[in-house]
Amino acid sequence: MSSDTLAKASAAPDTPEHEDIPRIVPHRRPGQWTAAVAVLLLLGLAVNSVLRNEAFRWDLVADYFTSDSVLRGLWLTLWLTAVVMVLGFALGTLLAAGRLSANPVLCSVSWGYVWLFRSIPILVQLLLWFNIGALYPQVFGVKTVNLFTPVAVAIIGLTLHEAAYAAEVVRGGILSVDRGQIEAAQALGLGRWRRWWRIVLPQAMRSIVPPAGNMLIGTLKGTSIVSVIAVQDLLFSVQLVYHRTYQVIPLLMVATVWYTVVTSLLGVGQHYVEKYYARGAGHTR
């Protein structure tokens, strides 16, 4: 036997030449694909119905979408949302500080405020403020009906309501900061305000921004309730038009599309703000 033959014989494995290797077969999920097809089918039917239903009058929607009255109502809605959010979070921050205070009076008063204004529906609050003249006809010698205009009532009512929820958002954000961070800052000799501004607040914002963004979007939509006290916001503006033209559905679609556009833009802004404050947290979304 030649040396080549011996080498091949020694290199030949004892196992069969073609061993059967099990083939991995992906798990089939026919139920999920069936559900997906059904959902897409229903979604397509819904979109087709909306686009082809003549009752929506999309031509009228396009005509009134940028009309002067609608844009004025939209501007008031945006302005009211901004004012309420700024004032609400300013007052809510003070209430959160009161809740976290060691002073039992401040803590109790802050807790009572949050409890009261979260218990009363916002519509009831607005109607109470709108009819405050029945309780106090004059304030500082001025007639209440002249002092509390519908816009002022809307700002007061929405701000007081918003502050109760903002207080809990801010308080939760502050409590989410590890106590050891504050103790480390104290050990470094940082002053009280510097500790809050440089250590506590940046970390608390990670927990504050997501619910605050949701509150902002909720406030934008919630301002539509001021139409009941004749504040000419976006909803009230389209109501004035369809009371005159009797085109209820097209005008409601105008308001719907505007609310959708603005809330979508706010959602995008919220995403980038969250991403900014999530830096160094070990994950981003």
Side-chain angles (χ1 to χ4, degrees), residues 22-67 70-71 73-74 77-78 81 85 118 121-123 161-162 165-166 168-169 172-173 176 205-228 233-239 241-242 245-279 281-285:
R23 186 166 59 93
I24 299 175
V25 179
H27 181 64
R28 294 182 175 86
R29 298 180 174 86
Q32 291 186 2
W33 286 105
T34 302
V37 171
V39 169
L40 289 176
L41 180 61
L42 292 175
L43 182 61
L45 292 174
V47 172
N48 181 68
S49 174
V50 170
L51 294 178
R52 296 176 64 89
N53 192 332
E54 296 181 357
F56 282 102
R57 295 295 306 274
W58 293 109
D59 56 332
L60 284 179
V61 173
D63 290 339
Y64 284 105
F65 191 71
T66 55
S67 62
V70 171
L71 292 180
L74 175 64
T77 294
L78 296 175
T81 301
M85 283 297 295
R118 288 201 307 179
I122 181 59
L123 179 58
H161 177 79
E162 201 76 10
Y165 290 90
E168 292 299 283
V169 170
S176 69
M205 289 298 289
R206 297 172 185 168
S207 300
I208 292 174
V209 170
N214 291 333
M215 285 182 60
L216 174 59
I217 294 174
T219 301
L220 173 72
K221 297 184 296 183
T223 55
S224 61
I225 202 171
V226 301
S227 60
V228 300
D233 68 323
L234 177 58
L235 179 59
F236 191 79
S237 298
V238 301
Q239 286 177 327
V241 177
Y242 74 60
T245 62
Y246 301 102
Q247 299 292 339
V248 178
I249 297 300
L251 269 302
L252 287 178
M253 291 307 300
V254 170
T256 299
V257 174
W258 267 123
Y259 281 122
T260 303
V261 169
V262 177
T263 53
S264 299
L265 293 176
L266 292 177
V268 172
Q270 177 185 348
H271 168 75
Y272 284 104
V273 174
E274 288 183 22
K275 188 175 180 180
Y276 173 80
Y277 281 105
R279 294 177 305 170
H283 64 87
T284 56
R285 286 179 287 183

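Atoms considered below: every heavy atom in the structure, side chains included; atoms not considered: hydrogens, waters and symmetry mates.
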>> Between W258 and L71, is the side-chain contact (heavy atoms from CB on, under 4.5 Å) condition met? List the steps.
In response: CA-CA 10 Å; W258 267 123; L71 292 180; 3.9 Å; yes

> Which atoms form the tightest heavy-atom contact between D233 and S227, and what is the distance?
Replying inline: OD1-CB, 3.8 Å

> Atom OH in Y277, atom CD1 in I208: separation rounded to 0.5 Å?
Replying inline: 9.5 Å

Contacts under 3.5 angstrom, residues 30-52 side chains, donor-acceptor by atom type, not counting sequence neighbours:
from	atom 1	to	atom 2	distance (Å)
T34	OG1	P30	O	2.7

> Mind checking what makes side chain to side chain contact (heavy atoms under 4.5 Å, CB included) contact with V268, not counting sequence neighbours?
Replying inline: Y272

> By side chain to side chain donor-acceptor pair (under 3.5 Å), which residues pair with R118, not counting sequence neighbours?
Replying inline: none

> Can you check side-chain contact (heavy atoms from CB on, under 4.5 Å) on T260 and T256, steps first, answer last?
Replying inline: CA-CA 6 Å; T260 303; T256 299; 4.2 Å; yes

> Which distance, rounded to the nearest 0.5 Å, do you find between the CD1 of I217 and the OG1 of T81?
Replying inline: 11.0 Å

>> Rounded to the nearest 0.5 Å, what separates atom CE in M205 from atom CD in E274?
In response: 10.5 Å

>> Suppose we screen for side chain to side chain contact (heavy atoms under 4.5 Å, CB included). Which residues come up paired with S67, at least two apart in sequence or across chains?
In response: Y64, S69, V70

> Of all heavy-atom pairs between A212 and V169, which one has the smallest distance, and what is that distance?
Replying inline: N-CG1, 4.4 Å

>> Using 30° and 60° as the class boundaries, would you call the ring planes of F56 and W58 parallel, tilted or perpendicular?
In response: parallel

> Out of curiosity, T66 OG1 to L74 CG, how far, rounded to the nearest 0.5 Å?
Replying inline: 11.0 Å

>> List the residues meeting side chain to side chain donor-acceptor pair (under 3.5 Å) with S207, not counting sequence neighbours, and say none if there are none.
In response: S176

>> Please give me the minimum heavy-atom distance between V238 and A255, naming the atom from each residue.
In response: CG2-CB, 4.1 Å

> Between L60 and P250, which heavy-atom pair has the shortest distance, and what is it?
Replying inline: CB-CB, 4.1 Å

>> Listing request: all side-chain hydrogen bond (donor to acceptor under 3.5 Å, both in side chains) pairs with a residue in residues 214-224, at least two apart in sequence or in separate chains.
In response: E162-T219

